[in-house]
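Because the structure is predicted, anything quoted here is derived from the model rather than measured. Lettering follows sequence order; numbering is per chain, from 1.
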2 protein chains.
Amino acid sequence: MSKLDESLLTGLPPFSRLSRGEVREILDQATPRRYPEGAAVFREGTPAERFHLLLDGFIRVVRTTPEGEQVIALHIPPGQLFGIAPAMGRDTYPATAVAAAESLALGWPVRLWGDFNTRYDGFTTETFRTIGARLGEFQTRVTELATQAVERRVASALLRMANQSGRATEAGIEIGFPVTRADIAEMTGTTLHTVSRLLSAWEREGIVQSARRRITVTAPHRLVVLSGAAT
Amino acid sequence: MSKLDESLLTGLPPFSRLSRGEVREILDQATPRRYPEGAAVFREGTPAERFHLLLDGFIRVVRTTPEGEQVIALHIPPGQLFGIAPAMGRDTYPATAVAAAESLALGWPVRLWGDFNTRYDGFTTETFRTIGARLGEFQTRVTELATQAVERRVASALLRMANQSGRATEAGIEIGFPVTRADIAEMTGTTLHTVSRLLSAWEREGIVQSARRRITVTAPHRLVVLSGAAT
DNA sequence: CGGTGCCTTGATTTTCATCAACACCTGTGG
DNA sequence: CCACAGGTGTTGATGAAAATCAAGGCACCG
């Protein structure tokens with residue numbers, strides 16, 4: 001296996017304060033892997049053996065209910081740690097992680113977690129920060145699900161994806177990975193039918209454009225209004 | 001101010017691996033405070049100056065939407081850290097914490113957070129564990145809100161409270177702090193009317209008993225069935 | 001060129017929020 | 001001691017939002 005380049009990590013928050021040598025050490029213990037779209041990095045309920053860092057692509061974190069319904073809990077952008085619940089003292093993964101688009105990730109055995117925290121300055125702090133952000137996002141989602149109507153939730157979900165992963169095109173902001181109506185339904189706790197109706201309506205009004213599995217937000221400000229952020 | 005007794009902390013996870021002297025150090029820097037029922041420990045959006053440990057009572061973590069609706073995000077049981085988001089790199093509190101029952105908590109200035117992590121063995125690990133558990137709970141709530149009908153959500157909320165704070169009585173498990181129908185509505189994203197109807201129905205069926213602001217679960221197994229955990 | 005996955009749209013039904021009215025308990029102050 | 005106010009809880013009637021049921025179309029892949 002060829003050596004990984006150190007520049008992969010130096011810019012990223014969890015490792016930004018480390019020396020070249022330290023980054024080298026960390027990289028030498030990592031296993032890089034490519035995940036084609038749809039491939040699972042790990043599955044809910046399986047023994048939690050590794051934690052990961054996403055270098056490129058997008059990871060979708062999914063939970064399945066006993067009844068077989070799926071809920072998309074989170075999207076992980078490049079540069080973030082994921083699958084770190086094991087590092088928090090769990091012995092199985094609490095959710096499934098699948099590649100939402102072709103992805104590249106590093107993985108480390110979970111036994112290194114303690115080392116990373118004690119040896120590398122800033123790693124703990126930055127990890128707390130990441131988790132804090134994630135907790136915040138969950139809190140927001142709970143609040144949304146509990147208080148807002150479907151239309152607002154869908155608008156918020158689109159905006160979140162556009163912000164996290166959007167690419168500017170001449171038509172507007174295109175979401176950076178393939179999304180189906182069913183995906184959006186699983187993010188917002190509704191059905192693909194309702195999502196389809198909403199997107200059709202928004203397309204008629206010129207707020208979004210959508211091709212098969214690709215969505216472009218053409219009028220973000222109007223979506224913001226629909227999402228209820230305004231008062 | 002009289003010195004706090006060291007036995008307050010020795011049993012608790014974040015401090016369990018520390019020596020007597022270390023516990024003493026930590027206690028000497030803490031400010032203890034009593035919060036009567038309904039009092040706020042801190043408020044959403046205010047500068048995050050301290051983090052806390054609940055010694056006794058119950059803390060309710062509440063978020064308010066721009067429209068003024070409230071959502072109860074979490075209940076904190078004794079022995080847990082709370083208000084630690086500032087320690088994760090935020091400068092304001094993301095939610096409000098109020099005492100759900102008369103409570104006693106210690107508080108430390110947030111600048112000590114770094115010290116605690118570097119100086120005290122096990123503190124970081126245990127904190128990650130706590131946060132991991134909390135993330136897990138949020139994930140569960142999101143899943144519930146997204147997929148389950150109101151009746152199931154209310155059943156789950158009651159069970160969660162009974163598990164976290166229940167006291168065994170001869171009638172059944174009594175929830176350890178006062179709860180109104182409106183509170184349950186704010187936990188489950190419904191209205192107090194719907195909650196009232198459900199509780200009335202369950203009371204007729206002998207699943208719960210309720211007096212003003214006190215709820216006792218008399219047939220937990222039947223609630224579990226209603227919550228949909230069974231298959 | 002057939003099949004599967006993705007998307008759309010209409011009709012019907014269900015769940016739950018909303019509107020409305022009232023009853024009860026508890027503590028407070030006259 | 002009693003009246004009464006405010007917080008709490010109940011229950012019925014109505015309506016709207018969104019799920020479910022149903023059917024079909026289109027595009028991409030092998």
(request) Specify the angle, to 10°, made by the local axes at the two ends of the helix from C/dC1-D/dG30 to C/dG30-D/dC1 when five pairs are taken at each end. (result)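 Computed from the C1' atoms at both ends, the axes differ by 30°.
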(message) Quick test of your reading: applying side chain to side chain donor-acceptor pair (under 3.5 Å), list the pairs with at least one residue in residues 159-172 of chain B, sequence neighbours left out, ordered by first then second residue.
(response) B/Glu144-B/Arg160
Roughly, in whole Å, what's the span from [atom1] in [X] to [atom2] in [N]?
| X | N | atom1 | atom2 | result |
| --- | --- | --- | --- | --- |
| B/Arg213 | C/dT26 | CZ | C1' | 11 Å |
| B/Arg214 | C/dC24 | CZ | C1' | 19 Å |
| A/Leu192 | C/dT9 | CG | C1' | 12 Å |
| B/Arg152 | C/dC16 | CZ | P | 11 Å |
| B/Arg181 | C/dC24 | CZ | C1' | 13 Å |
| A/Glu37 | D/dC28 | CD | C1' | 14 Å |
| B/Asp183 | D/dG9 | CG | C1' | 13 Å |
| B/Glu186 | D/dT8 | CD | P | 11 Å |

(message) Applying a 4.0 Å non-hydrogen cut-off, can you work out what A/Ala182 is touching in the nucleic acid: base, sugar-phosphate, or nothing?
(response) nothing
Side chain [X], main chain [Y], donor-acceptor under 3.5 Å:
| X | Y | answer |
| --- | --- | --- |
| A/Arg153 | A/Thr188 | yes |
| B/Ser103 | B/Phe58 | yes |
| A/Arg152 | A/Thr147 | no |

Which atom pairs, donor and acceptor, lie under 3.5 Å between side-chain atoms of residues 174-187 of chain A and protein residues at least two apart or in another chain?
| residue | atom | partner | partner atom | Å |
| --- | --- | --- | --- | --- |
| A/Glu174 | OE2 | A/Arg214 | NH1 | 3.0 |
| A/Thr180 | OG1 | A/Ala182 | N | 3.3 |
| A/Thr180 | OG1 | A/Asp183 | N | 3.0 |
| A/Thr180 | OG1 | A/Asp183 | OD2 | 3.2 |
| A/Arg181 | NH2 | A/Ser210 | OG | 3.0 |
| A/Asp183 | OD2 | A/Arg60 | NH1 | 3.4 |
| A/Asp183 | OD2 | A/Thr180 | N | 3.0 |

(request) Looking only at side-chain atoms of A/Thr180, point me to the closest of D/dA18, C/dT9, C/dC7. (result) C/dC7
(request) Would you please name every residue forming a ring pair (Phe, Tyr, Trp, His ring centres under 6.0 Å) with B/Tyr93, sequence neighbours left out? (result) B/Phe42
(message) Tell me if the side-chain of B/Arg212 makes a donor-acceptor pair with the base of D/dG9, cut-off 3.5 Å, by modelled atom types.
(response)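 No, no donor-acceptor pair under 3.5 Å.
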(message) Given the structure, check if the side chain of B/His193 and the base of C/dT18 hold any donor-acceptor pair shorter than 3.5 Å.
(response)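 No pair found.
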(message) Let me confirm one number: the OG1-CD distance from B/Thr143 to A/Glu69, rounded to the nearest 0.5 Å.
(response)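 Interatomic distance, B/Thr143 OG1 to A/Glu69 CD, rounded to 0.5 Å: 10.5 Å.
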(message) Just so I know, are the side chains of B/Leu104 and B/Arg33 near enough to count as touching, which here means a heavy-atom distance under 4.5 Å?
(response)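 No. Closest side-chain heavy atoms not under 4.5 Å.
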(request) Strictly below 4.0 Å, heavy-atom distances to any atom of DNA chain D: list the hits from residues 196-203 of chain B, or just say none. (result) B/Ser196, B/Arg197, B/Ser200
(message) Please list all pairs meeting ring-ring contact (aromatic ring centres under 6.0 Å, His included) that have one or both residues in residues 183-225 of chain A, counting only residues at least two apart or in different chains.
(response) none
(message) D/dA18, OP1 or OP2 - any side-chain N/O from A/Thr190 closer than 4.0 Å?
(response) no
